[in-house]
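In the text below, chain A, chain B and the rest are named by the order of the sequence lines, each starting its count at 1.
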Number of protein chains: 4
Amino acid sequence: MNRHSYFHIFLGGDELVKKDKPKYKQIVDAAVIVIAENGYHQAQVSKIAKQAGVADGTIYLYFKNKEDILISVFQEKMGMFVEKLEHILTKEVSASEKLRLMIESHFGLLSGDLHLAIVTQLELRQSNHEIRMKINGVLREYLLQMDKILVKGMEDGEFDKDMDIRLARQMVFGTMDETITTWVMNDHKYDLVDLAPKVHRLLMKGMRA
Amino acid sequence: MNRHSYFHIFLGGDELVKKDKPKYKQIVDAAVIVIAENGYHQAQVSKIAKQAGVADGTIYLYFKNKEDILISVFQEKMGMFVEKLEHILTKEVSASEKLRLMIESHFGLLSGDLHLAIVTQLELRQSNHEIRMKINGVLREYLLQMDKILVKGMEDGEFDKDMDIRLARQMVFGTMDETITTWVMNDHKYDLVDLAPKVHRLLMKGMRA
Amino acid sequence: MNRHSYFHIFLGGDELVKKDKPKYKQIVDAAVIVIAENGYHQAQVSKIAKQAGVADGTIYLYFKNKEDILISVFQEKMGMFVEKLEHILTKEVSASEKLRLMIESHFGLLSGDLHLAIVTQLELRQSNHEIRMKINGVLREYLLQMDKILVKGMEDGEFDKDMDIRLARQMVFGTMDETITTWVMNDHKYDLVDLAPKVHRLLMKGMRA
Amino acid sequence: MNRHSYFHIFLGGDELVKKDKPKYKQIVDAAVIVIAENGYHQAQVSKIAKQAGVADGTIYLYFKNKEDILISVFQEKMGMFVEKLEHILTKEVSASEKLRLMIESHFGLLSGDLHLAIVTQLELRQSNHEIRMKINGVLREYLLQMDKILVKGMEDGEFDKDMDIRLARQMVFGTMDETITTWVMNDHKYDLVDLAPKVHRLLMKGMRA
DNA sequence: TATGAATGAGGCTTCATTCAT
DNA sequence: TATGAATGAAGCCTCATTCAT
């Protein structure tokens with residue numbers, strides 16, 4: 001069971017066909033680069049088209065409008081995170097170890113794609129209310145998976161049984177998010193993945209039984 | 001020592017004169033209301049002028065441009081937080097207690113001004129790269145004060161001496177920020193200040209010696 | 001003598017061959033339906049192609065461009081009117097009776113094809129100058145036949161000998177056109193053919209000797 | 001009682017103020033010229049602005065959007081016709097004479113403004129459904145006045161008492177319209193006003209008792 | 001013949017800023 | 001100081017047409 005099976009429920013066949021065509025990915029990848037290099041508000045459709053090596057009009061064969069491109073960027077890329085997380089969840093290890101793997105994996109993915117890191121941590125947050133709400137919908141999926149780790153940890157007695165799970169989630173996500181954003185804003189001067197064990201230790205200390 | 005002394009370093013006498021005139025505050029307050037009620041991208045200068053009860057052109061007698069209004073909003077309002085924090089720092093209490101007071105005070109200020117909460121947590125984050133960088137400059141002042149609490153706590157043996165102070169700060173700020181944002185996005189359905197002790201306990205657990 | 005002989009003068013053999021192929025008529029008929037149902041400005045080539053059951057590109061095997069489709073619609077359909085009129089002209093009846101038959105036949109054809117009525121009375125008039133000029137060229141053929149009735153009526157002493165023939169033609173055509181357009185704009189609420197005798201009587205009164 | 005009093009009923013003071021400013025008329029007049037000289041579909045807002053001697057954005061201080069310009073053109077100009085007609089209606093003359101005056105006046109106004117004639121007879125008819133419906137609303141006012149002449153003529157025994165008033169109106173308007181359009185399409189080669197008596201005679205013959 | 005994916009030119013509208021009064 | 005009418009740059013999207021298959 002991976003995210004593809006998840007999305008099968010919601011998307012018609014049509015969309016899936018389009019998403020599987022090479023130009024769809026080409027355009028999504030181009031959007032990430034253009035947004036990262038020019039900033040959200042300077043990421044014109046024409047720039048994305050040029051970066052993708054297609055005509056402006058071609059964009060609209062694959063996306064309903066500009067907003068649709070941006071949401072798709074988040075969906076496609078966030079999908080990677082969810083997939084990783086789902087994979088981690090299947091492993092036969094402790095909740096603490098899962099948490100560590102999640103942080104490491106999350107940091108690792110963004111370390112490996114600096115453009116993507118800029119886009120998700122800084123640029124996409126400049127989008128308007130409507131787009132952000134749709135992005136939040138995608139994010140929720142990730143947070144739901146994250147909750148599973150926390151619940152398991154509490155059930156197994158690794159984490160504090162009286163912990164408010166929403167608060168804990170906010171601490172975990174907020175700390176990770178803040179850590180990554182600080183790293184991005186400092187121009188990736190230091191190694192983000194190196195911070196993972198420390199972040200893990202700090203968070204575990206806050207949550208352990 | 002108050003925040004005015006801090007800004008004396010950066011601002012020329014001209015601005016100070018302007019900032020003391022009633023219309024300056026009128027416009028800043030109008031901006032908060034307009035942004036909160038219309039969203040960042042629908043907060044046109046003309047709307048702010050109308051809300052402030054002045055002509056469009058008058059805005060430009062007090063602010064260099066629109067960007068200047070937005071940064072001033074953050075500066076003026078963030079100033080309140082820094083002042084509170086400076087006040088807390090002078091108290092003769094433990095670092096843990098200072099942390100508790102900071103969280104409570106921070107949550108309290110935003111609970112008391114829902115418009116401001118919307119603006120700082122959601123809307124102002126939609127601003128472009130340049131504005132956000134300037135906002136971060138203002139924010140840094142707050143984080144520097146926050147660091148003093150952490151350092152004191154480590155020196156006094158209340159907090160873990162081997163803690164990475166930057167990481168700890170990211171955890172504290174990230175958790176608070178995520179908690180507030182979640183509260184705002186849930187339409188202030190529950191009482192934010194009530195969460196302060198829990199957040200404090202969680203963070204303390206993560207940081208204590 | 002039928003309209004084909006008329007068009008022989010203007011059209012090369014190529015077009016004739018194409019016009020006899022089933023897809024040519026398929027596309028023209030599809031255009032009428034699409035224009036009537038979507039309006040002139042929403043009648044994209046792709047919609048016409050879909051309605052006709054052919055690929056977009058196939059359209060261009062039968063028509064030079066979109067303009068050519070629209071003119072062909074008018075040509076093909078207006079041809080029906082000219083044919084009917086030519087048939088009426090051969091009858092051995094008075095000019096007044098011919099006029100009556102013409103009105104009745106004209107009203108009858110449009111009553112029987114509401115799509116066509118919408119297209120000729122409302123939608124095709126939204127076309128640009130150039131197309132309308134070409135449409136007028138086709139219309140002229142109809143008006144020339146109409147003139148024959150008027151001339152005959154004047155020669156036979158049925159119509160006023162001193163009548164300005166151009167004015168009379170404008171009255172006849174203008175009245176018919178206005179009557180049909182009003183009927184179309186009133187959503188065919190009443191029976192158009194029922195109005196034919198009244199229109200005939202009114203026009204005859206204006207023209208008789 | 002003139003049309004201003006009529007519109008007072010429908011328009012708020014705001015609109016009236018705008019309509020009285022010189023730039024409003026400047027833009028409406030520019031629109032007539034640009035549409036007449038370039039055709040409806042080539043009448044870009046930027047062209048109208050340039051012709052009016054204002055910036056593109058200025059247009060939008062006086063008009064909601066492009067559609068609003070076009071409807072205003074018709075409203076403002078058609079207003080002249082309605083005013084003339086209302087004036088004619090107050091005269092103490094026979095219905096036949098009123099009809100003559102109406103035709104002469106209508107032809108005269110368009111003869112005196114060739115641009116306007118092109119716009120109303122040819123170009124504005126290319127507008128889309130929605131705009132045409134709004135234009136028809138304005139036109140209705142004119143036709144209502146015209147009906148008054150017909151009713152009076154029937155009451156006074158000048159016109160056929162059994163005449164279908166709607167058909168009669170369609171004949172009168174259709175004939176006038178067709179006559180003017182033919183004149184415009186023939187590049188005003190002949191004098192339109194000279195045709196008025198003939199048109200009047202023809203229509204009277206069709207309608208008289 | 002037939003297809004349909006790809007092309008790319010073109011225009012309405014918004015809104016931050018200016019400047020004459 | 002204060003006004004607010006005027007400015008004009010800038011970008012998303014549509015759709016007729018082409019052309020490789």
Side-chain angles (χ1 to χ4, degrees), chain A residues 18 21-24 26-27 41-50 52-69, chain B residues 18 21-23 27 41-50 52-70, chain C residues 18 21-24 27 41-50 52-70, chain D residues 18 21-24 26-27 41-50 52-70:
Chain A
K18 271 184 188 165
K21 295 201 178 161
K23 281 206 175 136
Y24 177 85
Q26 215 170 301
I27 292 166
H41 292 287
Q42 281 306 307
Q44 293 87 345
V45 171
S46 60
K47 268 191 197 143
I48 297 173
K50 181 173 276 181
V54 299
D56 292 19
T58 305
I59 299 267
Y60 293 88
L61 296 176
Y62 295 89
F63 300 90
K64 216 165 66 260
N65 47 36
K66 188 180 177 181
E67 177 175 314
D68 192 23
I69 307 175
Chain B
K18 276 182 188 163
K21 302 231 170 135
K23 279 196 182 156
I27 292 166
H41 292 288
Q42 281 307 304
Q44 293 88 350
V45 171
S46 60
K47 264 189 199 149
I48 296 172
K50 179 174 274 183
V54 300
D56 294 18
T58 304
I59 298 266
Y60 291 87
L61 297 175
Y62 295 89
F63 299 89
K64 210 162 77 263
N65 49 34
K66 188 180 179 182
E67 179 176 312
D68 192 23
I69 308 175
L70 303 173
Chain C
K18 277 183 187 163
K21 301 229 172 138
K23 280 200 179 150
Y24 177 86
I27 293 167
H41 293 287
Q42 282 306 306
Q44 294 88 348
V45 171
S46 59
K47 265 190 199 148
I48 296 173
K50 181 174 274 183
V54 300
D56 293 18
T58 305
I59 298 266
Y60 291 87
L61 298 175
Y62 294 90
F63 299 89
K64 208 161 78 265
N65 48 34
K66 188 181 180 183
E67 180 176 311
D68 191 24
I69 307 175
L70 302 174
Chain D
K18 271 184 189 166
K21 294 201 178 160
K23 280 203 178 141
Y24 178 86
Q26 214 171 302
I27 293 165
H41 292 288
Q42 281 307 305
Q44 293 89 346
V45 171
S46 59
K47 267 190 199 147
I48 296 173
K50 181 173 276 182
V54 299
D56 292 19
T58 305
I59 300 266
Y60 292 86
L61 296 176
Y62 296 89
F63 300 89
K64 217 164 65 263
N65 48 35
K66 188 180 179 183
E67 178 177 312
D68 192 24
I69 308 175
L70 303 173

Report task. Starting at the 5' end of DNA chain E, write a dot or bracket for each base, bracketing those in Watson-Crick or G-U wobble pairs whose two distances are under 3.5 Å and using | for partners on another strand. Result -> .||||||||||||||||||||

**Report entry** Nearest-Å distance once atom C1' is located in both E:dT1 and F:dT21
**Finding:** 13 Å

Query raised in the report: 5'-most contact on DNA chain F: C:Ala43 or A:Ser46, nearest heavy atom basis?
Result: A:Ser46

Requested in this report: Evaluate the side-chain proximity of C:Asp68 to C:Asn65: yes if any heavy-atom separation is below 4.5 Å, no if none is.
Outcome: yes

Query raised in the report: Does the side chain of D:Lys50 come within less than 4.5 Å of D:Gln44's, by heavy atoms?
Result: no

Query raised in the report: Can you say whether the rings of D:Tyr24 and D:Phe63 are parallel (under 30°), tilted (30 to 60°) or perpendicular (over 60°)?
Result: parallel

Report task. Identify the heavy atoms of A:Gln42 and A:Lys47 that sit nearest to each other, and give their distance. Result -> O-NZ, 2.9 Å

Report summary line: Smallest heavy-atom separation, B:His41 atom then A:His41 atom, equals CE1-CE1, 3.1 Å

Report summary line: Numerically ordered, the residues 63-70 of chain D set in heavy-atom contact under 4.0 Å with DNA chain E is D:Asn65, D:Lys66

Query raised in the report: Within the structure shown, what part of the strands sits under 4.0 Å from A:Val45 by heavy-atom distance: base, sugar-phosphate, or nothing?
Result: sugar-phosphate

Query raised in the report: In whole angstrom, what separates A:Lys50's NZ from E:dG8's P?
Result: 11 Å

**Report entry** Length of the line joining B:Tyr60:OH and E:dA20:C1', which is rounded to integer Å
**Finding:** 18 Å

Query - Reported CD1-to-CD distance for the pair A:Ile48 and A:Gln26, which is rounded to 0.5 angstrom - result: 13.0 Å

Query - Separation between OH of A:Tyr60 and CD1 of A:Ile69, rounded to the nearest 0.5 Å - result: 6.0 Å

Report task. Would you mind building the protein contact string for nucleotides 2-10 of chain F? One character per nucleotide, 5' to 3', B for base within reach (heavy atoms under 4.0 Å), S for sugar-phosphate only, - for untouched. Result -> BBB-BBB--

